[in-house]
Amino acid sequence: MKVSRGPSEGYVRSRVPKGFHLEIARKIQTALAGRVIEDDLISIDGVDLITGIDVAYINRGSTEIGISIASTYSISRSSIIEWSCWIGPITFPYIPTLLSFRELKPVVNAYLRLRTKPQIILIDGHGRAHPYRLGIASHFGVCMHVPTIGVAKSLLYGRVDRVEGPILDISTDEVIGWAIQCAPSKPTYVSVGYGLSLRSAVDLVKRLCVGSQMPIPILHSHNTANNLKKRIVGKLMSDTSINELDNECKSSMSNYF
């Protein structure tokens, strides 16, 4: 059995930036959570293009820079057909349960730079498996009206009794996600983001497993983000601006059609 109760509100409050109103953020999360659709808006049998989005980070003095990558995988072609990127400053720290306030901007910007829009988005993070039922995958899905799935490497909130099986709410036993075995020794936590049933979300992610914790589209985005990060680190020692880095990022985007 694995159990995570999530961080205490006291801990979260101690980490938020000065001037950030946690009570308002929780009201926003609760309101948007009420708009999440957990039914199939599309049939996964007809899905071909699936995008995975991940974000990497670099520190440049007191400035944190985010590198967001969106990679689109074609089931019919069994390959990545396109990827896009965005580089920009990140002003909100990493705080569990508030990831979307940190990553929504880079995730949306990378998505908007895709030339061909996918049918489903996989995001490295949680969806409904969140104490306020609004992880970044759900926040993105509600705002963009796109079917999304949260795919995470660690359990933020809930109880898992088996290697593969439901993620249960600690207080109510409601099923809020599902643990699957993508990698031989580490679980992957799947939850509905928006516009899909949990069954469809789990079935689709399982089809995209390749022996890693993350399914193919997110894995490609993760690797691409880290490769770009290595290339950028040297440039940060010079006077290269963030806008110049972003322009270089855009020029390196690949479309394999």
Just by modelled atom types, is the Ile170 backbone N or O under 3.5 Å from a matching donor or acceptor in the Arg5 side chain? no
Find out whether Leu196 and Leu41 are in side-chain contact, i.e. whether some heavy atom of one side chain is under 4.5 Å from a heavy atom of the other. no
Charged N-O contact under 4.0 Å between Asp48 and Arg77: no
Test: Glu38 and Arg133 ion pair at under 4.0 Å: no
Looking only at heavy atoms, which two atoms of Ile180 and Cys209 are closest? And how far apart? CD1-SG, 4.2 Å
Transitive ILVMFWY side-chain link Val151 to Val210, under 4.5 Å: yes
Hey, mind stepping through Lys105 and Asn109 against side-chain contact (heavy atoms from CB on, under 4.5 Å) and telling me if it holds? CA-CA 6 Å; Lys105 178 181 177 180; Asn109 283 337; 3.6 Å; yes
Thr97 vs Arg26, test: side chain to side chain donor-acceptor pair (under 3.5 Å). Steps then yes/no. CA-CA 10 Å; Thr97 73; Arg26 294 308 190 202; 2.9 Å; yes
In terms of hydrophobic clusters joined by side-chain contacts under 4.5 Å, are Val146 and Ile37 together? no
Check whether any side-chain heavy atom of Tyr194 lies under 4.5 Å from a side-chain heavy atom of His139, and answer yes or no. no
Show, in sequence, the C-alpha distance, side-chain angles and deciding distance for Leu32 and Ser138, and conclude whether the side-chain contact (heavy atoms from CB on, under 4.5 Å) test is met. CA-CA 8 Å; Leu32 293 180; Ser138 293; over 6 Å; no
Compare all side-chain heavy atoms of Val175 with those of Leu198 and state whether any distance is below 4.5 angstrom. yes
Look only at the side chain of Glu9 and the backbone of Tyr11, and say whether a donor-acceptor pair between them is shorter than 3.5 Å. no
Does the side chain of Arg159 come within less than 4.5 Å of Met1's, by heavy atoms? yes
May I ask you to decide if Tyr189's main-chain N or O and Gln213's side chain share a donor-acceptor pair within less than 3.5 Å? no
Measure the acute angle between the ring planes of Phe92 and Phe101, then classify it against the limits of 30° and 60° as parallel, tilted or perpendicular. tilted
If I take atom CD from residue Glu64 and atom CD1 from residue Ile90, how far apart are they, to the nearest 0.5 angstrom? 6.5 Å
Check for a donor-acceptor pair, side chain of Thr148 on one end and backbone N or O of Ile121 on the other, with a separation under 3.5 Å. no
Using a distance-only test with no angle check, is there a side-chain donor-acceptor pair under 3.5 angstrom linking Tyr57 and Glu103? yes
Side chains of Thr63 and Ile242 in contact at under 4.5 Å (non-hydrogen atoms): yes
Can you measure from CG (Asp246) to CD1 (Ile87) and round to the nearest 0.5 angstrom? 6.0 Å
Mind listing the closest non-hydrogen atom pair of Ser68 and Val55 along with its distance? OG-CG2, 3.8 Å
Pair listing, ring-ring contact (aromatic ring centres under 6.0 Å, His included) test, anchored in residues 108-134, at least two apart: Tyr111-Phe140
Under 3.5 Å donor-acceptor, Ser79 side chain and Ile81 backbone: no
Do the side chain of Ser221 and the main chain of Gly52 share a donor and acceptor less than 3.5 angstrom apart? yes
If you apply the rule side chain to side chain donor-acceptor pair (under 3.5 Å), what do you find for Ser197 with Asp39, and how did you get there? CA-CA 5 Å; Ser197 66; Asp39 296 314; over 6 Å; no
State the CE-CD1 distance between Met253 and Ile69, to the nearest 0.5 angstrom. 9.5 Å
Just do the side-chain contact (heavy atoms from CB on, under 4.5 Å) check on Leu245 and Ile67 with the steps written out, would you? CA-CA 10 Å; Leu245 292 173; Ile67 305 169; over 6 Å; no
Side-chain contact, heavy-atom cut-off 4.5 Å: Val107 with Ile123? yes
Separation between CD1 of Ile232 and CZ of Arg60, rounded to the nearest 0.5 Å: 10.5 Å
Under the side-chain contact (heavy atoms from CB on, under 4.5 Å) rule, what do Ile50 and Thr72 come out as? Steps first, then yes or no, please. CA-CA 5 Å; Ile50 303 160; Thr72 300; over 6 Å; no
Checking the side chain of Ser191 only, and the main-chain atoms of Gly177 only, is there a donor and an acceptor separated by less than 3.5 Å? no
Could you verify whether a donor N or O on one side chain and an acceptor N or O on the other, from Thr224 and Asn227, lie under 3.5 Å apart? no
Leu156 and Pro96 have their tightest heavy-atom pair at CD1-CB, 4.2 Å
Does a salt bridge link Glu82 with Lys117, judged by any charged N lying under 4.0 Å from a carboxylate O? no
Ion pair present between Arg13 and Glu23, side-chain N to carboxylate O less than 4.0 angstrom? yes
Using modelled atom types and a 3.5 Å cut-off, is there a donor and acceptor pairing between side-chain atoms of Gln119 and backbone atoms of Leu49? yes
Closest approach of Arg102 to Pro106 (non-hydrogen atoms, all atoms of both residues): O-CD, 3.8 Å
Does any N or O in the side chain of Ser84 come within less than 3.5 Å of the main-chain N or O of Arg113, such that one atom is a donor and the other an acceptor? no
Measuring from Leu168:CG to Ile176:CD1, what's the distance to the nearest 0.5 Å? 7.5 Å
Charged N to carboxylate O under 4.0 angstrom, Arg128 versus Asp169? no
Which heavy atom of Asp124 sits nearest a heavy atom of Leu99, and at what distance? O-CD2, 4.4 Å
At what distance, to the nearest 0.5 angstrom, does OG of Ser200 lie from CD1 of Ile44? 4.0 Å
Is the closest side-chain heavy-atom distance between Arg231 and Glu248 below 4.5 Å? yes
Any donor-acceptor N/O pair, Thr188 side chain to Lys153 backbone, under 3.5 Å: no
Where is the tightest heavy-atom contact between Trp86 and Gly88, given as atom of each residue plus distance? CH2-CA, 3.3 Å
